[in-house]
S.K.: 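This is the structure I want to talk about, given as C-alpha cells.
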Amino acid sequence: MRLFSEKVKYTSTNSSLNILCVEAFEEIFFGVYEIEINKNKYPVEKISEYEGNPVVCIPVVVEGVKRDYPFVLSRGKFEILFNGDNKLNEDYEIVEDTIKDILLETVEEVEELIPE
C-alpha cells in the first residue's frame with residue numbers, strides 16, 4: 001500500500017472508518033492540513049469532521065489501483081487502520097454509508113441552530 005508516494009504498512013479492519021494516526025498535523029490553510037509520513041510532508045484537504053478530528057482525502061495505491069479514500073486524522077504513534085470498502089467517488093463524495101450518516105447528523109445539528 002502507498003499513501004501519496006510513501007510505501008506504508010497498515011492494519012486491515014472491518015471498521016466503517018479509515019484512520020490515519022500521525023504524530024502531529026496542523027491546519028496550514030482553511031481546510032488544508034499538513035501531515036508527515038516517513039519524514040515527508042503532504043498537504044491534505046479536509047472533507048468532513050468526525051468527533052472533532054478532520055476527515056481528509058488521501059490518494060492510496062492498493063495492488064496497483066489508485067483511489068482517493070477518506071481518513072480520520074488522529075494524533076499518536078504512526079498507524080493506519082484501513083478498510084478498502086470505505087472510499088470516495090470521483091466527485092469526492094463519501095460512498096461509505098456510516099460516514100454519510102455522520103454528515104447527515106452534522107447537517108441536522110446545524111439545522112437545529114437555525115430559528116424557524
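Counting from 1, the numbers follow the sequence of the chain as shown.
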S.K.: When rounded to the nearest 0.5 angstrom, what is the spacing between CG in Asn53 and CG in Leu17?
M.R.: 10.5 Å
S.K.: Can you name the residues that form a side-chain contact (heavy atoms from CB on, under 4.5 Å) with Lys41, not counting sequence neighbours?
M.R.: Glu34, Glu36
S.K.: Can you tell me how far the CZ atom of Phe82 sits from the OH atom of Tyr69, to the nearest 0.5 Å?
M.R.: 4.0 Å
S.K.: Measure the shortest side-chain to side-chain distance between Tyr10 and Leu81 over non-hydrogen atoms and say whether it is less than 4.5 angstrom.
M.R.: no
S.K.: What is the distance from atom CD1 of Ile58 to atom CD1 of Ile80, rounded to the nearest 0.5 Å?
M.R.: 8.0 Å
S.K.: Could you please spell out the steps behind the side chain to side chain contact (heavy atoms under 4.5 Å, CB included) verdict for Val22 and Leu20?
M.R.: CA-CA 6 Å; Val22 292; Leu20 175 59; 3.9 Å; yes
S.K.: Between Asp68 (side chain only) and Cys57 (backbone N and O only), is there a donor and an acceptor less than 3.5 Å apart?
M.R.: no
S.K.: Are the side chain of Asn83 and the backbone of Asp85 linked by a donor-acceptor contact shorter than 3.5 Å?
M.R.: yes
S.K.: Which heavy atom of Lys46 sits nearest a heavy atom of Val56, and at what distance?
M.R.: CA-CG1, 4.1 Å
S.K.: Roughly how far, to the nearest 0.5 Å, is OG of Ser16 from OH of Tyr50?
M.R.: 6.5 Å
S.K.: Give me the atom names and distance for the closest heavy-atom approach of Ile19 to Ser74.
M.R.: CG2-CB, 4.4 Å
S.K.: Look up atom CD in Glu45 and atom OH in Tyr33, then write down how far apart they are to the nearest 0.5 Å.
M.R.: 11.5 Å
S.K.: If the condition is side chain to side chain donor-acceptor pair (under 3.5 Å), which residues does Tyr42 pass it with, not counting sequence neighbours?
M.R.: Ser5, Glu6
S.K.: Considering only heavy atoms from C-beta outward, does the side chain of Met1 approach that of Val60 to under 4.5 Å?
M.R.: yes
S.K.: Report the hydrophobic cluster partners of Val32, with the cluster defined as I, L, V, M, F, W, Y residues connected by side-chain heavy atoms closer than 4.5 angstrom, directly or transitively.
M.R.: Ile28, Phe29
S.K.: So do the side chains of Phe4 and Val44 get within less than 4.5 Å of each other, counting heavy atoms only?
M.R.: yes
S.K.: Would you say Arg75's side chain and Phe25's backbone share a donor-acceptor pair under 3.5 angstrom?
M.R.: yes
S.K.: Does Arg67 reach the side chain of Pro59, with side-chain heavy atoms less than 4.5 Å apart?
M.R.: no
S.K.: Please report the interatomic distance CD1(Ile37) to CD1(Ile35), rounded to the nearest 0.5 Å.
M.R.: 4.0 Å
